[in-house]
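What follows is a set of notes on a single structure, which appears directly below.
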Number of protein chains: 2
Amino acid sequence: MKEVAMATAEVKLTKNQRLVLDLLCASDAPMSAYSILDQLRTEGLRAPLQVYRALDKLIGLGLVHRLESMNAFVACAHPACHAVEMVGFAICETCGKALEFADNDVAEILSGWASANGFDAKSTSIEIKGTCASCQEKSEDSSGAE
Amino acid sequence: MKEVAMATAEVKLTKNQRLVLDLLCASDAPMSAYSILDQLRTEGLRAPLQVYRALDKLIGLGLVHRLESMNAFVACAHPACHAVEMVGFAICETCGKALEFADNDVAEILSGWASANGFDAKSTSIEIKGTCASCQEKSEDSSGAE
DNA sequence: ATATGTTACGTAATAATATAACACAAATAA
DNA sequence: TTATTTGTGTTATATTATTACGTAACATAT
């Protein structure tokens, strides 16, 4: 029961799943499956499938999310409450980082739309593309204005 | 000026762009780039790039949307008001069809989140995965219940 | 008309992402 | 133990997308 208080330690993960999750947690930006593979070659991973299988499991557990518009994967920012149903990301096209967010109002509106239309929703992904605050500041430096 | 009243005729499209758009409009479900290519071989298209270039242009015009989670493309259901900023789709995992929707409340909440977080949003995609009404009915047939 | 810039085209090659199929090992449960 | 499930490792292949190159079509300004 001393077992570590890490939010992600509740479930027993296999070696490969642990390697992938730890790498994603340590990364400050989403990673593609193949860059995960490259990083883990030293740990013994050799084939894409090893990564994809671990990712599938981790996504099922709500510990990892997939960014559909980028074919990339990111550790869930809220590892405590694995909300699998609705997740949102704001993805910066300049630095590649993704900010995870959750919004109950949006979730309710969308599930309202679904039931009004007889659609049985299993999962919802929201992805906003644009430029993050930090990258906007940087680009103002070059524009010389004010 | 007699020029056709088709909603999609406002802009002058090239032959390849027209072929791709017409095919997507005629399809009742989203299509992958390569299935578009296959369908248009008889029309003279030969290489993936020809399709991807046409798609890029059509997406820029708001006449076609990309379903990020499926690597597929679909003609815009509202060809009149080309809303590029925010589009939503409910995608049926059984029949593969996609229902397009728009919701101003959601759009406002999301753009509110963005400005509150200093994020400069360019485009937003919402994709709900699940089962459409029609496919639910069909599967009830087999479940015999009630 | 001719020059110039822009947009689109066609082709070949290749990169990047993802899955199928197979045989085997470890953990779990009956 | 036996059966069942779950995960593993490997090879091969399928699917999706882009790079790089050279050419053609079109607008428009001289």
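What you see below is based on every heavy atom in this structure, not just the backbone, and it leaves out hydrogens, waters and symmetry mates. First the proteins, then the strands, lettered A, B, ... as listed; each starts at 1.
Distance check, rounded to the nearest 0.5 Å: CG of L21(A) to CZ of F73(A) gives 13.5 Å.
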Show me the donor-acceptor pairs, under 3.5 Å and distance only, between side chains in residues 46-54 of chain A and residues at least two apart or in other chains.
{"unit_1": "Q50(A)", "atom_1": "OE1", "unit_2": "R46(A)", "atom_2": "N", "d": "2.7"}
{"unit_1": "Q50(A)", "atom_1": "OE1", "unit_2": "A47(A)", "atom_2": "N", "d": "2.9"}

What's touching nucleotides 10-12 of chain D from the protein side, N or O pairs under 3.5 Å?
{"unit_1": "dT10(D)", "atom_1": "OP2", "unit_2": "R46(A)", "atom_2": "NE", "d": "2.8"}

Strictly under 3.5 Å: I want the nitrogen or oxygen pairs between protein and nucleotides 13-16 of chain D, one per line.
none

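Considering only residues two or more places apart in sequence or on other chains, K97(A) meets the salt bridge (charged side-chain N to carboxylate O under 4.0 Å, His left out) condition with D28(A). For the salt bridge (charged side-chain N to carboxylate O under 4.0 Å, His left out) test, residues two or more places apart in sequence or in another chain that qualify with E68(B) are R66(B). Residues meeting the side chain to side chain contact (heavy atoms under 4.5 Å, CB included) test with E108(A), sequence neighbours left out: none. In this structure Q39(A) satisfies the side chain to side chain donor-acceptor pair (under 3.5 Å) test with no other residue, sequence neighbours excluded. Contacts of D56(B) classified as side chain to side chain contact (heavy atoms under 4.5 Å, CB included), with partners at least two apart in sequence or in another chain: none. The side chain to side chain contact (heavy atoms under 4.5 Å, CB included) test applied to S134(B) returns C132(B), K138(B), not counting sequence neighbours. In this structure, D105(B) has no salt bridge (charged side-chain N to carboxylate O under 4.0 Å, His left out) partners at least two apart in sequence or on a different chain.
Proximity of a side-chain donor or acceptor of Q136(B) to a complementary backbone N or O of T131(B) within less than 3.5 Å is detected.
At whole-Å resolution of the value, NZ in K12(B) and P in dA25(D) are 16 Å apart.
Minimum heavy-atom separation, M86(A) to I126(A): CE-CD1, 3.9 Å.
Chain A approaches DNA chain C within less than 4.0 angstrom (heavy atoms of the protein), and the contacting nucleotides run 5' to 3' from dT17(C) to dT28(C).
The closest side-chain heavy-atom distance from K129(B) to M70(B) is below 4.5 Å.
At its two ends the helix from dA1(C)-dT30(D) to dA30(C)-dT1(D) runs along axes set 30° apart, each axis drawn from five pairs and the angle rounded to 10°.
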